[in-house]
2 protein chains.
Amino acid sequence: MGRPIRTRRQATLASLAAELGVSRTTVSNAYNRPDQLSPELRKRVLDTARKLGYPGPDPVARSLRTRKAGAIGLLLTENLSYAFRDPAALGVLEGLALACEDAGVGVQLVPARPGEEDVATVHRAGVDGFVVYSVPDDDPHLNAVLQRPVPTVIIDQPVLSGVDRVAPDDAAAMTTLAYHLIELGHREIGVLCMRLSRDRNDGFASRDRQEKAHYHVQRTRLTTLAESFEAVGVDWSTVPVVERFEHTLDEGASAARQLLDANPQVTAIICTSDILALGALNEAQRRGLRVPADLSITGFDGIADAERAELTTVYQPVREKGRSAGNLLLDPTRRGQGNPLNQQIITLETELRIGKTSAPPRTAEQHWFGP
Amino acid sequence: MGRPIRTRRQATLASLAAELGVSRTTVSNAYNRPDQLSPELRKRVLDTARKLGYPGPDPVARSLRTRKAGAIGLLLTENLSYAFRDPAALGVLEGLALACEDAGVGVQLVPARPGEEDVATVHRAGVDGFVVYSVPDDDPHLNAVLQRPVPTVIIDQPVLSGVDRVAPDDAAAMTTLAYHLIELGHREIGVLCMRLSRDRNDGFASRDRQEKAHYHVQRTRLTTLAESFEAVGVDWSTVPVVERFEHTLDEGASAARQLLDANPQVTAIICTSDILALGALNEAQRRGLRVPADLSITGFDGIADAERAELTTVYQPVREKGRSAGNLLLDPTRRGQGNPLNQQIITLETELRIGKTSAPPRTAEQHWFGP
DNA sequence: CTGAAAGCGCTAACAG
DNA sequence: CTGTTAGCGCTTTCAG
C-alpha cells in the first residue's frame, strides 16, 4: 500500500468518509454524536481513522462552524513576570481558571506587550470572550478587546457602559481603613503606591499625577484616602505619596526609605498593596523603628504573607474576582451582552483586618469617636 | 437607514467588500498587507468597516485558512489550584509565557480534570502545539495530546520517542544531594515525597509503590536516593518514606510529624520538594528540634522561600524549563517534528545549594571521603 | 494595485 | 440510522 508514512494531517474527515464509503455526516457523528449511529459502524469508523492516522475533527474548523472556540482570553497588565509574582493577580487567574475548568473551557493568556501597538494579538485570539484585569484605562489593548464582538468582563477597571464588571468597593474599603488610622490619632501620614500610569515615575507623585492616574484602582485608593483625611483637617497637598513602577518587596522598602528620609515625622505609612507594605515593614526594621509603636504600616489586598505578618490591611477576595468574572462570561443565560440594559456590575465584599502593625501614634492624643 | 442596530457580527469581510464595491482580497489586504493597496483606499475600507461595525477578520476563520492558531496549549497536572500555588509550577508557567509573549503567541491553559475521561478538551483546543508539564505518565490527557498532529514538548516527563523533552537531570542532582548527606554521616534517614500516583495515599509508601510511581520526577528522585544510600550499606526497605497527595506547607509538616512519630531515630529528612521541606522545618521547630543540630532537612527545587530559609536544597532553573519548552515549540527552523531522528532532549543544569539545614548527625562519626 | 476562483475542514438542518 | 446540501469567514495564488 503506497500510503505516505509521515505526512501528518493528510487524512481529513472527508477522505475518511470516502475511504469508508460513507458520508461525512456519519464520520462526524461517530465523533460528536455516538448515539446517532450503530456501535458497529462507529467502531469501524474509529478503527479506520486510527489506521489512516486521522486525529479526529480539526478543532479550528469545528470552531469556525460551531462559532465556539472553547476558550476565553485573559488580558493582563503588561509583563507577565509581574503578574506571576503578584499574589493578588495570581488569585484572580486561579479563580478564573477554576471557573473555566468547571465549564471545560480553556483560558488563553493573550500577550499584550506594554508599549507596542501590537494590538494584533487581541484581534487574532480565537476566544469566545475576554476578561480584562487591571490594565491602565488608556491601554490600547483594552480598546481592541472592546472592539471584538464577544462578551467581555472587566475586573478592577472603571465602569464602562455595557460592559460587565467585577470589583470590590475600593473606595469604601479605603475609607474604612483611613478612619481606622484617623481614629487611632494619625494625622502625619505618608503613602506608598503602585505605578499610576504607563510612564515610569519612581518617586513622589504630585496630587495632579494622583488624580490623573490611569490605573483605576490606584487612583481610587489615593483619592479616597485624600478625601478621608481632608475631612478631618489634613491638608493632602502636604502628604507625601511615593510611587513605584515595579511591585516588589524591595521596591516597597526603597519607597519607604525615600518617604522616611524626607518625612521622618510621619506616624503612619499607608500602602496601596500588601507587597509594598511588607517591604516597608522590612525598611522600618532596618531603621530600628518599632512597628506599630514608632510607626504604623498598613497594606491592601489581604494576601497570605500579609496575614502571616499580621499586617493591618483590607482583605479582598481575589480568587472570587476571577471566578465571578468567569461565571459571568460563561453563564449561558446571559446572552445578549453588550446591551447596556443588561449590564452586570458585581461588587465584592472586603474586610478591614486589623493586625499588629497599626496603633496610636506615640505623641498624639487619641481621637475616640466611640464610647 | 434600516440597518440592524445590535445584531453583532452581521458584517463580514465579504459584505464589507460588497458595500464598498471592491473585492474581498482588497479588504483582506487592508488588514493584513497595508502595503498592497493605496493608503486612501485602505482608509476608505477601514472607515466603512467602522461604520458597518465590522470588527476585522474573524480570528477563527483566519486560523482555519492559515493553519495557525496563534496559541500553544499547556497541559498541567490536575487541579489548577495546585499549579497556581506551587512556586515551581508557576516558574514553568512564567517561563513559557515569556517565551510565547516574545513570539506574540498566546498560552492556553487546557482544562484537564483528573479522573474524568473528558479528553475532549484536548481535542478541541485550537492550538499550534502543546507543552505538557508534570502529569502522571499514565494520564489519558497526555495520550490525547500525543495523538494531535501538532508538535509537543514535555517537561519533567519520561523520555518518549519522537517527543521533545526538557528536564533537569534529576537523578544526578539527587545523587549529589544524597552524597552530601552521606558524607556528613547520615545513615538513619527518612523521606517525604509528593503524590506518587493518581490515587491518594497519605502515609507511608512501600518500596513497590515508590518504584511504580506514575509521577516520573518523584519516582526518579526516590529510586536515585535508594541507590545512593544502598551503595553505602543502608537497607532501603528500612527507610521510611511518607507520601502526601496535597503539596502544601501544612501537609509537609504533617508528613514530618508522621515520620518522626514513628521513627524518632532519623537524623535527616530528605524531601522531594522545598515546600515539603519547609513544612518539615515548621514541624521540627514545633517539636523543639534544632535544625540542623538535632535534625538535618533538605529540599528540592530551590524556590525563593527556600533560599530565604537557607534550606539545603537542589536548585533547578524552573523558569528556564518553561522558556526552553516554549522556544523549542516556536522555533521555526524545527519543522518536521515527530521525527525520532530530529528529537530534542534538553537537560538543564542543577546546583546543590548547601544552606543551614544540613550538618553532621549528633551521634554519628563522620565519613569524610576527601582529604 | 486589484479581482476571480478555489478551497481550509468541518457541522447542521433536513430529507429519506 | 444515513446521506445531501450549504455554507462558517477568511486567505491566497494567479491573472490582469
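Within every chain, numbering begins at 1; the chains are lettered A, B, ... in the order of the sequence lines, protein sequences first and strands thereafter. This is a predicted model, so every value here is computed, not measured.
Across all strands, V22(B) comes closer than 4.0 Å only to sugar-phosphate atoms, never to a base (heavy-atom distances). Residue contacts shown for R42(B) are absent, as no nucleic acid heavy atom lies under 4.0 Å away.
The two atoms that bring P151(A) and D128(A) nearest to each other are CD-O, 3.5 Å, heavy atoms only. Contact between V159(A) and Q343(A) at its shortest, heavy atoms only, is CG1-NE2, 4.1 Å. A pairwise comparison of heavy atoms in H123(B) and P59(A) identifies O-CG, 3.2 Å as the closest pair. Nearest heavy atoms, Y54(A) versus T12(A): CE1-C, 3.6 Å.
For DNA chain D, each stem of at least three Watson-Crick or G-U pairs (distances under 3.5 Å) is given as range with range: C:1-16 with D:1-16.
In this entry the distance linking CG of D35(A) with C1' of dT2(D) reads 14 Å, nearest Å. H123(A) places its NE2 atom 16 Å from the C1' atom of dC10(D), with the value rounded to the nearest Å. To the nearest angstrom, C1' of dT2(C) lies 13 Å from CZ of R33(B). Spacing between atom CZ of R148(A) and atom P of dG9(D) amounts to 14 Å, rounded to whole angstrom units. Rounding to whole angstrom units, CZ of residue R124(B) and C1' of dG9(C) are separated by 15 Å. Residue D58(A) contributes atom CG, which lies 12 Å from atom P of dC8(C) at whole-angstrom precision. Rounded to an integer number of Å, the gap from CG of L13(A) to P of dC8(C) is 13 Å. Rounding to whole angstrom units, CG of residue D128(B) and C1' of dC8(C) are separated by 14 Å.
Each of Q36(B) and N32(A) has a nearest nucleotide on DNA chain C; the 5'-most of these lies closest to Q36(B). Sequence order on DNA chain C of the closest nucleotides to S38(B) and T66(B) puts S38(B) first from the 5' end.
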Interface polar pairs with nucleotides 4-7 of chain C, N/O, under 3.5 angstrom:
{"unit_1": "dA4(C)", "atom_1": "N6", "unit_2": "T25(B)", "atom_2": "OG1", "d": "2.7"}
{"unit_1": "dA6(C)", "atom_1": "N6", "unit_2": "R24(B)", "atom_2": "NH2", "d": "3.4"}
{"unit_1": "dG7(C)", "atom_1": "N2", "unit_2": "R65(B)", "atom_2": "NH1", "d": "3.1"}

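Side-chain nitrogen and oxygen atoms of T12(B) include at least one within less than 4.0 Å of the OP1 or OP2 phosphate oxygen of dC10(D). For dT11(D), the OP1/OP2 oxygens have a side-chain nitrogen or oxygen of R62(B) closer than 4.0 Å. OP1 or OP2 of dG9(D) has not a single side-chain nitrogen or oxygen of Y31(B) nearer than 4.0 Å.
Using a 4.0 Å cut-off between a side-chain N of Lys or Arg and a carboxylate O of Asp or Glu, R198(A) and D139(A) do not qualify as a salt bridge. Salt-bridge check for R44(B) with D47(B): failed, with every basic side-chain N at 4.0 Å or more from each acidic carboxylate O.
Listed nucleotides dT12(D), dC1(C), dC8(C) differ in distance to L64(B); the shortest reach to its side chain belongs to dC8(C). With dG3(D), dT11(D), dT2(C) as the choices, the nucleotide that has an atom nearest any side-chain atom of T26(A) turns out to be dG3(D). Comparing dC10(C), dC10(D), dC8(C) by their closest approach to the side chain of R67(B) singles out dC8(C).
Here the NZ atom belonging to K321(B) is positioned 7.5 Å from the OG atom belonging to S134(B), to the nearest 0.5 angstrom.
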Subject >> H214(A) and V135(A): CA distance, side-chain angles, deciding distance, side chain to side chain contact (heavy atoms under 4.5 Å, CB included) verdict >> reply: CA-CA 8 Å; H214(A) 283 293; V135(A) 304; over 6 Å; no
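With respect to L64(A), the side-chain contact (heavy atoms from CB on, under 4.5 Å) criterion is satisfied by exactly one of R62(A), K68(A), R67(A): R67(A).
No side-chain heavy atom of Q157(B) sits less than 4.5 Å from a side-chain heavy atom of H216(B).
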